[in-house]
A.B. asks: 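Once you've had a glance at the structure underneath, I'll fire off some questions.
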Amino acid sequence: MPIGGAVIAIRPADMETATTQLLALAGVEIHGADQRGNIVAVLETQTCDEMERLLTAINECPLVLHAGLTYLNMEEDRKSTRLNSSHTD
């Protein structure tokens, strides 16, 4: 399961409306913002393809100037990992 951190740039005057629009997207959690219009968000999806689509959707929001992924962590399903690690050739 990919979990990523993103910095999303918007105009400071659009902060409230942009925040509402971003929170309407599944998988977006906002963790902070500054007065210059930078929003710090965590993105969580089930697959890498979904992460790519979510970042594209964020960048396509009319009030978003730019959104960039700052980190990406791939967490494996523990049950799947245990099954794979117990398999020997």
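It should be emphasised that the depicted structure is a prediction, and the values quoted were computed from it without experimental measurement.
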A.B. asks: To check you understand the geometry: which heavy-atom pair defines the closest contact between I8 and A41, and what is its length?
C.D. replies: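 Scanning both residues, the minimum pair turns out to be CD1-CB, 4.0 Å.
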A.B. asks: If the condition is side-chain contact (heavy atoms from CB on, under 4.5 Å), which residues does V7 pass it with, not counting sequence neighbours?
C.D. replies: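 Expected list: N38, T70.
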A.B. asks: Applying salt bridge (Lys or Arg N to Asp or Glu O under 4.0 Å), name anything that partners D34, two or more places apart in sequence or on another chain.
C.D. replies: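 Residues passing salt bridge (Lys or Arg N to Asp or Glu O under 4.0 Å) with D34: R36.
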A.B. asks: Going by side-chain contact (heavy atoms from CB on, under 4.5 Å), name the residues that satisfy it together with T20, two or more places apart in sequence or in a different chain.
C.D. replies: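 For T20 there are no side-chain contact (heavy atoms from CB on, under 4.5 Å) partners, ignoring immediate neighbours.
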A.B. asks: Is any side-chain heavy atom of P2 less than 4.5 Å from a side-chain heavy atom of N73?
C.D. replies: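 Not in contact.
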A.B. asks: Return each pair, listed once, that meets salt bridge (Lys or Arg N to Asp or Glu O under 4.0 Å) where at least one residue sits in residues 6-23; pairs must be two or more places apart or across chains.
C.D. replies: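 Not a single pair qualifies under salt bridge (Lys or Arg N to Asp or Glu O under 4.0 Å).
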A.B. asks: Mind checking whether L65 and L43 sit in one hydrophobic cluster, side chains of I, L, V, M, F, W, Y counted as touching below 4.5 Å?
C.D. replies: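 No, it is not one cluster - the side chains of L65 and L43 are not joined through contacts under 4.5 Å.
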A.B. asks: Clusters formed by hydrophobic residues whose side-chain heavy atoms approach within less than 4.5 Å: which one holds I3, and what are its other members?
C.D. replies: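 Besides I3, the cluster holds V42, Y71.
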A.B. asks: Hey, quick one: are L25 and M15 part of the same hydrophobic cluster, counting side-chain heavy atoms closer than 4.5 Å, chains of contacts allowed?
C.D. replies: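 Looking at the clustering, M15 is in the same group as L25.
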A.B. asks: Can you give me every donor-acceptor pair (side chain of residues 50-64, partner residue at least two apart or in another chain, under 3.5 Å) with its distance?
C.D. replies:
residue : atom : partner : partner atom : Å
E50     : OE1  : Q46     : N            : 3.1
T56     : OG1  : E52     : O            : 3.0
N59     : OD1  : A67     : N            : 2.8
N59     : ND2  : L55     : O            : 3.3
N59     : ND2  : A67     : O            : 3.2

A.B. asks: Applying salt bridge (Lys or Arg N to Asp or Glu O under 4.0 Å) as the test, list every pair that has at least one member in residues 20-31; sequence neighbours left out.
C.D. replies: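 Checked against salt bridge (Lys or Arg N to Asp or Glu O under 4.0 Å) - neighbours excluded - no pair reaches residues 20-31.
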A.B. asks: Mind checking side-chain contact (heavy atoms from CB on, under 4.5 Å) for L23 and listing every partner two or more places apart, or none if nothing turns up?
C.D. replies: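 For L23, the residues satisfying side-chain contact (heavy atoms from CB on, under 4.5 Å) (neighbours in sequence not counted) are T19, I30.
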